[in-house]
Amino acid sequence: MLYKNAHIFTPRSGFILGSFIVEGDRFTDVTAGIIAGEGIDLEGAYVIPGLIDVHTHGNSGADFSDGIFEDDLKMGRFFAANGITSFAPASMTLPYDVLSKAFAAGRKLADERPADCARLAGINMEGPFFSEKKKGAQNGAYLKNPDFEAFQKLYDGCGGLIRIVDLAPELPGSVEFTEKASELCTVSVAHTDATYEEASAVFSAGASHATHLFNAMPAIHHRKPGVIGAASENDGVVAELICDGLHVHPSSVRMAFKLFPGRICLISDSLRCTGMPAGRYPFGGQEIELKNGECRLPDGTIAGSVATLYQCMLNAIEFGIPKDVAIRAATLTPAAEIGRAKDLGSIEAGKYADFVICDENLQRKEVYIGGIKI
């Protein structure tokens with residue numbers, strides 16, 4: 001199918017007025033100008049790649065960590081309807097047998113995805129290798145030190161679908177774990193009270209990602225730069241950022257994009273209460289309350305968000321981030337972080353035809369996954 005007369009987002013040139021062809025489930029030609037032939041005239045609409053959320057726990061009352069295939073389907077359908085065409089759901093700090101069940105359900109969805117569901121393109125193993133001091137909303141009862149053998153068993157059990165594994169650098173064995181795990185997937189620094197030196201050691205060992213920057217880590221101090229300082233000066237490190245307007249102040253959003261030029265990965269960190277009414281919901285063996293758009297534990301600790309990645313991208317633009325920078329941070333950058341940049345994250349020949357047709361303000365009109373309209 002030929003689509004013509006559209007402003008198409010490209011990772012190198014921003015928006016170009018052009019045309020593209022979809023054959024089967026892939027883009028086969030993307031070019032400036034008009035491709036001759038019968039096709040769909042998009043009448044100057046804007047087309048961006050489908051968004052990719054590499055850190056989300058759930059939505060619609062469903063949580064990935066529950067390990068229920070039907071709930072994962074529900075999550076994927078919600079994402080697809082909201083312009084998120086691929087996702088790598090994040091687990092919680094839970095016992096290994098619970099994680100194994102969740103990962104098995106994720107593998108099933110990755111293998112059996114129906115056409116109206118977002119792609120499950122990987123798994124983000126968020127926990128249990130975290131600091132007690134910075135556990136945030138994670139369940140402290142299940143915290144553990146890094147254990148590569150346990151990780152390897154989980155990794156093999158889901159066919160290598162784990163694409164990000166998180167840890168706190170100050171824990172015993174973190175450097176050794178990172179050296180081994182980074183050969184298999186992206187290693188991320190998360191829920192940590194690490195010093196600059198401790199964080200630098202795991203980045204040198206192969207860690208290349210920082211989970212929800214500013215949250216669950218020490219703040220920047222001019223004599224104690226900590227994780228943020230160590231990550232920002234390492235050009236190989238990409239930092240996640242929650243742009244829901246609550247977790248990170250707009251000024252800090254702008255700061256983050258300057259500290260990590262071209263290296264910000266927008267995420268939602270959305271919870272099962274996303275798209276749901278106010279009330280109380282289970283969360284990793286605990287309970288959270290959604291009230292006035294905020295999710296918190298009973299002690300007031302902020303949990304994840306109720307924003308979609310698409311809304312986070314729009315928020316980033318509203319906060320002053322250039323449109324092309326924000327789009328890339330929600331598409332090609334997350335694709336690269338889960339090792340899927342060869343087939344996801346941009347509108348280029350050979351990649352999956354996952355795209356969103358929208359207006360000049362990026363308000364969605366239509367969503368396509370594998371060339372099929374949702």
Smallest heavy-atom separation, Phe203 atom then Asn234 atom, equals CB-ND2, 3.6 Å

- Message: Working note: Glu170 + Thr192, criterion side chain to side chain donor-acceptor pair (under 3.5 Å); need CA distance, chi angles, decisive distance, verdict.
- Response: CA-CA 7 Å; Glu170 68 271 29; Thr192 173; 2.6 Å; yes

Between the CZ atom in Phe319 and the SG atom in Cys243, the distance rounded to the nearest 0.5 Å is 6.0 Å

What one should report as the nearest heavy-atom pair of Pro128 and Tyr96 is CG-CE2, 4.0 Å

For atom CZ of Phe151, is the number of surrounding heavy atoms from other residues, nucleotides or ligands below 6.0 Å larger than 12?
yes

By salt bridge (charged side-chain N to carboxylate O under 4.0 Å, His left out), Asp343 pairs with (sequence neighbours left out) Arg340

*So do the side chains of Leu73 and Phe78 get within less than 4.5 Å of each other, counting heavy atoms only?*
no

Quick check: is Ile267 connected to Phe260 through a chain of hydrophobic side chains (ILVMFWY, heavy atoms under 4.5 Å apart)?
no

Discussion item. Can you confirm whether Met75 sits close enough to Phe64 that some side-chain heavy atom of one is under 4.5 Å from a side-chain heavy atom of the other?
Written reply: yes

Asp244 (side chain) donor-acceptor with His247 (main chain) under 3.5 angstrom: yes

- Message: Under a 3.5 Å distance rule, please check whether Thr31 uses its side chain to pair with a backbone N or O of Ser19 as donor and acceptor.
- Response: no

Looking only at heavy atoms, the pair that brings Ala110 and Leu120 closest together is CB-O, 3.5 Å

* **Arg296 side chain vs Thr301 backbone, donor-acceptor pair below 3.5 Å** => no

Query raised in the report: Under 6.0 Å between ring centres, would you say that holds for Phe130 and His191?
Result: yes

Please check if Leu213 and Ile164 belong to a single hydrophobic cluster, counting links between Ile, Leu, Val, Met, Phe, Trp and Tyr side chain heavy atoms closer than 4.5 Å. no

Might you work through the side chain to side chain contact (heavy atoms under 4.5 Å, CB included) test for Phe20 and Asp29, ending with a clear yes or no? CA-CA 5 Å; Phe20 60 94; Asp29 193 4; over 6 Å; no

Contacts satisfying salt bridge (charged side-chain N to carboxylate O under 4.0 Å, His left out) that involve residues 348-360 (not counting sequence neighbours) are Arg12-Glu348, Arg119-Asp354, Glu348-Lys351

Open item on the list: What I want to find out is whether Glu366 reaches Lys373 closely enough, with some N-O distance under 4.0 Å, to be called a salt bridge.
Closed with: yes

query: Should Asp116 and Arg77 count as an ion pair when the cut-off is N to O under 4.0 Å?
result: yes

Report task. Apply side chain to side chain contact (heavy atoms under 4.5 Å, CB included) to the pair Met313 and Leu362, showing each step before the final yes or no. Result -> CA-CA 10 Å; Met313 178 186 70; Leu362 304 186; 4.0 Å; yes

### Donor-acceptor side-chain pairing of Tyr310 and Arg364 below 3.5 angstrom
no

- Item | Trace of the salt bridge (charged side-chain N to carboxylate O under 4.0 Å, His left out) decision for Asp66 with Arg272 | CA-CA 10 Å; Asp66 290 346; Arg272 73 163 80 236; 2.9 Å; yes

Q) Does a donor on one side chain and an acceptor on the other come within less than 3.5 Å for Thr56 and Ser270? A) yes

Worksheet entry | Minimum side-chain heavy-atom gap Leu154-Met125 below 4.5 Å | yes

Requested in this report: For the residue pair Asp193 and Ser131, confirm or rule out a side-chain donor-acceptor distance under 3.5 Å.
Outcome: no

Using modelled atom types and a 3.5 Å cut-off, is there a donor and acceptor pairing between side-chain atoms of Thr178 and backbone atoms of Ser174?
yes

When the ring centroid of Tyr46 is compared with that of Phe9, is the distance short of 6.0 Å?
no

> With distance as the sole criterion, is a donor-acceptor pair present between the side chains of Ser188 and Thr211 under 3.5 Å?
Replying inline: yes

Look at the aromatic rings of Tyr368 and Phe355 and report parallel, tilted or perpendicular, splitting at 30° and 60°.
-> parallel

| message | Counting neighbours of CG on Asp299 that are heavy atoms of other residues, nucleotides or ligands and sit closer than 6.0 Å, is the number greater than 12? | response | yes

* Asked: Within the distance-only criterion (no hydrogens, no angle test), does the side chain of Asn139 pair as donor or acceptor with the backbone N or O of Ala141 below 3.5 angstrom?
  -> yes

Compare all side-chain heavy atoms of Leu290 with those of Glu294 and state whether any distance is below 4.5 angstrom.
no

In this structure, CD1 of Ile162 is separated from CD1 of Ile123 (nearest 0.5 Å) by 6.0 Å

With sequence neighbours left out, the residues meeting side chain to side chain donor-acceptor pair (under 3.5 Å) with Arg254 are none

Evaluate the criterion side chain to side chain donor-acceptor pair (under 3.5 Å) for residue pair Asn82 and Thr308; output intermediate values, then yes/no. CA-CA 7 Å; Asn82 284 277; Thr308 67; 5.0 Å; no

- Worked verdict on Val238 versus Thr333 for side chain to side chain contact (heavy atoms under 4.5 Å, CB included): CA-CA 8 Å; Val238 168; Thr333 298; 3.9 Å; yes

**Item:** Beyond-backbone contact of Cys273 with Ile288, side-chain heavy atoms, under 4.5 angstrom
**Value:** yes

Decide yes or no for Leu184 and Tyr155: does some side-chain heavy atom of the first lie under 4.5 Å from some side-chain heavy atom of the second?
yes

Looking only at the side chains, is there a donor atom on one of Tyr196 and Glu198 sitting less than 3.5 Å from an acceptor on the other? no

task = List the steps and the verdict of salt bridge (charged side-chain N to carboxylate O under 4.0 Å, His left out) for Asp324 and Arg328.
result = CA-CA 6 Å; Asp324 61 329; Arg328 186 184 179 99; over 6 Å; no

ask   = Got Asp166 and Phe129 here, is their nearest side-chain heavy-atom distance under 4.5 Å?
value = no

task = Would you please classify the geometry between the His212 ring and the His55 ring as parallel, tilted or perpendicular, with 30° and 60° separating the classes?
result = tilted

Value for CZ (Phe148) from CD (Glu179), rounded to nearest 0.5 Å, stands at 11.0 Å

>> Are Ile242 and Val253 connected into the same hydrophobic cluster when the rule is that any two of I, L, V, M, F, W, Y join if their side-chain heavy atoms are below 4.5 Å apart?
In response: no

Side-chain donor-acceptor distances from residues 85-94 under 3.5 Å, at least two apart:
unit_1, atom_1, unit_2, atom_2, d
Ser91, OG, Glu126, N, 3.4
Thr93, OG1, Gln138, OE1, 2.7

- Query: For Val187, does its backbone N or O pair with a side-chain atom of His209 as donor and acceptor, under 3.5 Å?
  - Reply: no

When Thr274, Asn124, Asp269 are each screened for side-chain hydrogen bond (donor to acceptor under 3.5 Å, both in side chains) with His57, the one that passes is Asp269

Practice prompt. Compare all side-chain heavy atoms of Phe15 with those of Thr10 and state whether any distance is below 4.5 angstrom.
Written response: no

Across all chains, not counting sequence neighbours, the side chain to side chain contact (heavy atoms under 4.5 Å, CB included) partners of Ser204 are none

When rounded to the nearest 0.5 Å, the distance separating CG of Leu297 from CD1 of Ile302 is 10.0 Å

Q | Flag, side chain of Arg163 to backbone of Cys185, donor-acceptor distance under 3.5 Å | A | no

Is a donor on one side and an acceptor on the other found under 3.5 Å between the side chain of Gln286 and the backbone of Ala137?
yes

Salt bridge (charged side-chain N to carboxylate O under 4.0 Å, His left out) filter on Asp235, not counting sequence neighbours, yields none

